[in-house]
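Numbered from 1 within each chain, the chains take letters A, B, ... in sequence-line order.
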There are 2 protein chains.
Amino acid sequence: MYKQLFEHIKKTCPNYPEEDLNLLLPYFESKIITKKSLFLKVGDVCNTAAFAVKGCFRYFTTNSEGEEFITRFAFNDYWVGEIQGMIHGTPSMVSIEALEDCSVLTISATDYNYLLQNSRPFADFIEKKFAKAFQSAEIRSSEFAESAENRYQILLSKFPDITQRVPQYYIASYLGITPESLSRLRKKSIS
Amino acid sequence: MYKQLFEHIKKTCPNYPEEDLNLLLPYFESKIITKKSLFLKVGDVCNTAAFAVKGCFRYFTTNSEGEEFITRFAFNDYWVGEIQGMIHGTPSMVSIEALEDCSVLTISATDYNYLLQNSRPFADFIEKKFAKAFQSAEIRSSEFAESAENRYQILLSKFPDITQRVPQYYIASYLGITPESLSRLRKKSIS
DNA sequence: AGCCAATCTTATCCTAGATCAATTTTTCTA
DNA sequence: TAGAAAAATTGATCTAGGATAAGATTGGCT
């Protein structure tokens with residue numbers, strides 16, 4: 001479990017000192033998040049972040065018609081939670097739900113902020129992660145310049161096995177179309 | 001000009017020490033960016049950030065059909081440029097164009113990074129700005145859960161005078177619809 | 001194995017927004 | 001200030017995707 005977290009960190013920061021990795025250990029706790037449970041609810045302040053060792057999550061909001069809209073997915077080796085909210089104490093704009101039983105390593109907002117202040121390597125790591133997240137958010141919105149079909153293809157190219165792990169109606173929600181439309185679209189692109 | 005920048009900083013960070021504000025002065029340069037000129041081009045690394053004292057910019061990308069798509073606007077009191085790119089040296093995913101003659105205060109990537117390392121208040125300020133930008137990016141994509149008409153209303157509520165400053169076909173591009181559709185949509189919502 | 005619920009597909013019809021084309025209005029610019 | 005270019009509107013027609021409804025599959029559970 002920790003090995004996977006360390007690999008993840010080293011992939012982002014190849015120079016992360018080995019001894020600093022070990023310093024992280026006491027701050028993390030291994031947990032199972034059961035399928036369908038909410039890790040975070042809209043309006044709540046995120047007080048825990050989780051590194052997904054195994055599993056799958058959806059982030060979602062509700063539009064003015066009361067319909068759910070999936071803003072993103074998170075899989076193995078993703079961080080789950082609202083890092084921003086943990087630092088600034090701002091309430092979350094999204095809810096996060098486990099789509100499977102997920103095995104995670106959690107860290108409290110308190111410990112997270114402590115590490116951020118007291119471990120340069122950790123702060124650098126988070127800074128990089130955050131930059132990446134920002135970029136993803138920008139990409140996400142510009143994808144709406146594409147047709148639904150293109151958006152679907154883009155999603156597939158990023159997550160080739162997503163159709164095996166995520167129900168199709170959630171994928172449709174992510175794409176901003178109905179499940180029926182996605183079904184037709186898939187039929188068309190197969191033939 | 002500087003007064004406006006300082007006010008902007010103090011609005012974000014009320015505790016920004018007065019003396020640290022004055023330390024910023026030598027790093028900024030006052031410039032005019034003429035209408036229709038590109039401040040940054042897709043693929044280039046952003047080597048300058050600008051604080052917009054007066055003016056108006058559009059950020060845009062090109063989709064797979066070769067059509068321009070506006071990802072955001074920036075007005076007075078906005079920072080223009082790719083802060084991320086300036087830190088990490090990553091090439092820009094967007095182009096930035098001035099929609100009017102713009103009066104700005106620029107800072108080079110070098111000075112920017114220097115301040116980030118050597119001025120705690122400045123680093124905190126940027127950190128807050130960045131958190132805000134991230135939030136905006138997330139909001140931007142979730143707005144596509146709304147109808148075009150709603151998206152237009154949301155835009156108007158954020159920038160009530162945008163129709164006076166930005167050509168309608170750019171607003172249409174931002175909304176992800178054609179100028180013709182926006183024209184109809186406006187006609188409908190007026191009556 | 002067998003049943004109920006969740007998920008996905010298919011068909012029909014409908015609507016928001018696209019496309020194409022022609023004006024009209026506004027804005028530059030010589 | 002006239003004339004050209006840019007921007008916005010309007011009309012007619014088309015299409016991607018929505019809504020509704022009915023089946024077909026799949027997947028837990030007991």
query = For A/Thr178, which contact category applies under a 4.0 Å heavy-atom criterion: base, sugar-phosphate, or nothing?
reply =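 Sugar-phosphate only.
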inquiry  = So B/Pro167, base contact, sugar-phosphate only, or nothing? Heavy-atom distance under 4.0 Å.
reply    =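 Sugar-phosphate contact only - B/Pro167 comes under 4.0 Å of backbone atoms but never of a base.
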Quickly work out the [X] [atom1] to [N] [atom2] distance and round it to whole Å.
X        : N      : atom1 : atom2 : value
B/Phe144 : C/dA16 : CZ    : P     : 19 Å
B/Leu185 : C/dT15 : CG    : P     : 17 Å
B/Glu146 : C/dG17 : CD    : P     : 12 Å
B/Lys188 : D/dA8  : NZ    : C1'   : 18 Å
B/Asn63  : C/dA18 : CG    : P     : 13 Å
B/Arg165 : D/dA7  : CZ    : P     : 17 Å
A/Arg184 : C/dT9  : CZ    : C1'   : 10 Å
B/Arg186 : C/dG17 : CZ    : C1'   : 17 Å

inquiry  = If you assign A/Lys36 and B/Arg151 each to the DNA chain C nucleotide with the nearest heavy atom, which residue ends up on the more 5' nucleotide?
reply    =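 Its nucleotide being nearer the 5' end, the pick is A/Lys36.
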key: Residue whose nearest DNA chain C nucleotide is more 5′ - B/Lys35 or B/Ser147   =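 The residue mapped nearer the 5' terminus is B/Ser147.
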message = Using the rule salt bridge (charged side-chain N to carboxylate O under 4.0 Å, His left out), only one of A/Lys41, A/Arg58, A/Lys35 pairs with A/Glu97; which is it?
response =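 With A/Glu97 as partner, salt bridge (charged side-chain N to carboxylate O under 4.0 Å, His left out) holds for just one option, A/Arg58.
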Distance below 4.0 Å between B/Gln168 side-chain N/O and D/dT9 OP1 or OP2 =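 Answer yes for this pair, as a side-chain N or O of B/Gln168 is under 4.0 Å from OP1 or OP2.
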inquiry  = Whether B/Lys187 contacts D/dT9 is assessed here as follows: a side-chain N or O lying under 4.0 Å from the phosphate OP1 or OP2. Is that the case?
reply    =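 No, no such contact exists.
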In terms of side-chain heavy atoms of [X], which of [options] is nearest?
X        : options                : answer
A/Ser181 : D/dA8, D/dG18, D/dT9   : D/dG18
B/Ala148 : C/dG17, D/dA12, C/dT9  : C/dG17
A/Ile177 : C/dC28, D/dT10, D/dG18 : D/dG18

inquiry  = For B/Lys158, is the NZ atom crowded, meaning more than 12 foreign heavy atoms sit under 6.0 Å from it?
reply    =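 Atom NZ in B/Lys158 is crowded, with more than 12 foreign heavy atoms closer than 6.0 Å.
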ask   = Which sits closer to the 5' end of DNA chain D, A/Glu149 or A/Glu180, going by the nucleotide each is nearest to?
value =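 Nearest nucleotide further toward 5': that of A/Glu149.
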ask   = For the residue pair A/Ser64 and B/Glu146, what are the closest heavy atoms and their distance?
value =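 Looking at all heavy atoms of both residues, the shortest contact is OG-OE1, 2.6 Å.
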request  = From the options A/Phe51, A/Phe57, A/Phe159, select the one residue that forms a ring-ring contact (aromatic ring centres under 6.0 Å, His included) with A/Phe75.
outcome  =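 That would be A/Phe159.
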Separation of B/Phe122 CZ from B/Gln117 CD (nearest 0.5 Å) =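 Nearest 0.5 Å value for the CD-CZ distance: 11.5 Å.
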